[in-house]
*Asks:* 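Have a look at this one.
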Protein chains: 2
Amino acid sequence: MAKKTDKFESDLLRGSLDLMVLAILDQEDQYGYLIQKQIREATEGKVTMGAGTMYPLLHRLEGDKLIRSRWDDSSGRKRKWYSLTAAGKKRLAQRASQWNQYAECMAQLMQGWFEPVASAKKQIRLNKKTT
Amino acid sequence: MAKKTDKFESDLLRGSLDLMVLAILDQEDQYGYLIQKQIREATEGKVTMGAGTMYPLLHRLEGDKLIRSRWDDSSGRKRKWYSLTAAGKKRLAQRASQWNQYAECMAQLMQGWFEPVASAKKQIRLNKKTT
DNA sequence: CGATAATATATCGCCATACGATACATCGAT
DNA sequence: ATCGATGTATCGTATGGCGATATATTATCG
């Protein structure tokens with residue numbers, strides 16, 4: 001019914017949004033609002049995380065000690081900055097590998113329905129090793 | 001907590017199990033129990049769909065007119081065979097394309113954390129076009 | 001022949017989580 | 001003063017995968 005051609009269904013995002021956030025925080029520290037923006041821009045608006053998804057997720061990750069937060073209002077604005085913990089980095093590696101395997105499984109089952117993922121081939125930069 | 005290294009978390013499956021089933025039914029008609037088996041074997045046990053997931057999903061797809069069922073007990077066993085409808089084929093194309101795009105988005109965001117998906121490169125068979 | 005496992009479908013309650021709505025506070029610009 | 005953007009937070013709802021459970025039939029093995 002909903003004719004939203006340019007946005008993914010939430011069930012597709014489920015179970016990988018945490019991975020996205022972890023990956024973004026691995027690059028550099030961010031605060032929630034920025035992460036939202038980053039995801040939106042990096043995916044050309046195809047993946048959007050509302051605040052109602054973002055903040056609970058961040059709290060969950062912090063509760064699991066995968067990320068750590070600190071308030072900073074030195075720039076006028078009060079912002080809660082998050083950074084990856086060691087456990088977070090480890091989890092990121094796990095989840096990235098898992099996602100990768102899952103994508104392979106899908107490829108296996110979706111033979112004939114897959115177009116080659118051009119970007120995935122070109123933009124791989126193995127500057128970090130998974131596990 | 002759960003140390004299931006060789007099985008994916010259910011949230012990862014969420015939103016793509018229907019796609020799997022659709023893709024399998026596109027190849028040939030199947031009944032539930034068989035689909036379960038197919039998915040399990042095609043993914044080397046890494047993706048397993050319990051009956052409590054399978055049948056409700058099948059019912060949902062049928063309710064949406066994406067698949068059609070017919071009982072057959074000519075082989076001794078009573079089996080409910082499912083086949084794709086025209087709407088189902090269309091949906092499959094949509095969802096496959098969507099998955100593909102999503103995988104690209106992930107690749108975008110996960111730069112440096114992706115290993116090359118070897119199988120995805122080799123086993124692509126573009127015998128059908130998406131959209 | 002009786003017991004057990006595999007086949008086959010179905011449903012129920014639980015629970016995690018993505019979402020929209022809403023709230024609230026601050027800052028810059030008009 | 002007002003308004004929009006920034007920034008964080010929480011609540012209720014809906015969805016759907018999961019384990020447990022039920023039920024029936026068939027095949028197998030002792």
*Asks:* Determine, for Asp29(B) against Arg68(B), whether the closest basic-nitrogen to carboxylate-oxygen distance falls under 4.0 angstrom.
*Replies:*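 Result for this pair is no, no salt bridge flagged.
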*Asks:* How close or far is atom C1' of dA9(D) from atom CD1 of Ile35(A), stated in whole angstroms?
*Replies:*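 After rounding, the reported distance stands at 15 Å.
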*Asks:* Examine dT8(D): is either OP1 or OP2 under 4.0 Å from a nitrogen or oxygen in the side chain of Tyr33(A)? Give yes or no.
*Replies:* no
*Asks:* So does Asp18(B) pair up with Arg95(B), basic N to acidic O under 4.0 Å?
*Replies:* yes
*Asks:* Would you mind reading off the distance between Glu9(A) atom CD and dC19(C) atom P, rounded to a whole angstrom?
*Replies:* 11 Å
*Asks:* Where each residue is assigned the nucleotide of DNA chain D containing its nearest heavy atom, which of Asp11(A) and Gly32(A) is assigned the position nearer the 5′ end?
*Replies:* Gly32(A)
*Asks:* What nucleic acid atoms does Leu17(A) come within less than 4.0 Å of, heavy atoms only: base, sugar-phosphate, or nothing?
*Replies:* sugar-phosphate
*Asks:* Any base atoms under 4.0 Å from Leu58(B), or only sugar-phosphate, or nothing? Heavy atoms, all strands.
*Replies:* nothing
*Asks:* Apply the test salt bridge (Lys or Arg N to Asp or Glu O under 4.0 Å) to residues Lys89(A) and Asp26(A): give CA-CA distance (whole Å), side-chain angles for both, the deciding distance (0.1 Å), then the verdict.
*Replies:* CA-CA 7 Å; Lys89(A) 279 178 205 291; Asp26(A) 183 52; 3.8 Å; yes
*Asks:* Does Arg60(A) put a side-chain nitrogen or oxygen below 4.0 Å from OP1 or OP2 of dA18(C)?
*Replies:* yes
*Asks:* By nearest heavy atom, map Gly76(A) and Thr48(A) onto DNA chain C; which one lands nearer the 5' end?
*Replies:* Thr48(A)
*Asks:* Closest nucleotide of DNA chain D for Thr53(A) versus for Gly15(B): which of these residues is on the 5' side?
*Replies:*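 Whichever sits nearer the 5' end wins; that is Thr53(A).
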*Asks:* Which of these nucleotides, dC18(D), dT10(D), dA8(C), is closest to any side-chain atom of Arg77(B)?
*Replies:* dA8(C)
*Asks:* Does a nitrogen or oxygen in the side chain of Tyr55(B) sit under 4.0 Å from OP1 or OP2 of dT11(C)?
*Replies:*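 Negative; the distance criterion is not met.
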*Asks:* If you compare every side-chain N and O of His59(B) against the phosphate oxygens of dT11(C) (OP1, OP2), does one of them come in below 4.0 Å?
*Replies:* yes
*Asks:* Between the side chain of Asp64(B) and the main-chain N/O of Leu66(B), is any donor-acceptor distance below 3.5 Å?
*Replies:* no
*Asks:* Look at all strands and tell whether Trp71(A) reaches a base, only sugar-phosphate, or nothing, counting heavy atoms closer than 4.0 Å.
*Replies:* sugar-phosphate
*Asks:* When you compare the protein's N or O atoms with those of nucleotides 12-14 of chain C, which come within less than 3.5 Å of each other, and at what distance?
*Replies:*
none

*Asks:* Verify the distance criterion only: is there a donor paired with an acceptor across the side chains of Tyr102(B) and Ser16(A) at less than 3.5 Å?
*Replies:*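 There is such a pair (donor and acceptor under 3.5 Å, judged by atom type) between the side chains of Tyr102(B) and Ser16(A).
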*Asks:* List the steps, then state whether side-chain hydrogen bond (donor to acceptor under 3.5 Å, both in side chains) holds for Gln94(B) with Arg91(B).
*Replies:* CA-CA 5 Å; Gln94(B) 281 172 6; Arg91(B) 176 71 125 261; 4.6 Å; no
*Asks:* Quick check on dT6(D): is either OP1 or OP2 less than 4.0 Å from any side-chain nitrogen or oxygen of Lys78(A)?
*Replies:* no
*Asks:* Counting only side-chain heavy atoms from C-beta out, which of dC18(D), dG7(D), dA10(C) sits nearest to Leu13(B)?
*Replies:*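 Taking heavy atoms from C-beta onward, the closest nucleotide is dC18(D).
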*Asks:* Please state how far atom CD1 in Ile39(A) lies from atom P in dA18(C), giving the value in whole angstrom units.
*Replies:*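 Going from Ile39(A) (CD1) to dA18(C) (P), I get 11 Å.
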*Asks:* OP1 or OP2 of dG7(D) sitting under 4.0 Å from any side-chain N/O of Lys37(A)?
*Replies:* no
*Asks:* Want to settle it: does Asp18(A) or Ala51(A) sit nearer the 5' end of DNA chain C, counting the closest nucleotide to each?
*Replies:*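 Its nearest nucleotide lies further toward 5', so the answer is Asp18(A).
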*Asks:* Find the distance Leu12(B):CG to dG16(D):P and express it as a whole number of Å.
*Replies:*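 In whole Å, dG16(D) P and Leu12(B) CG are 16 Å from each other.
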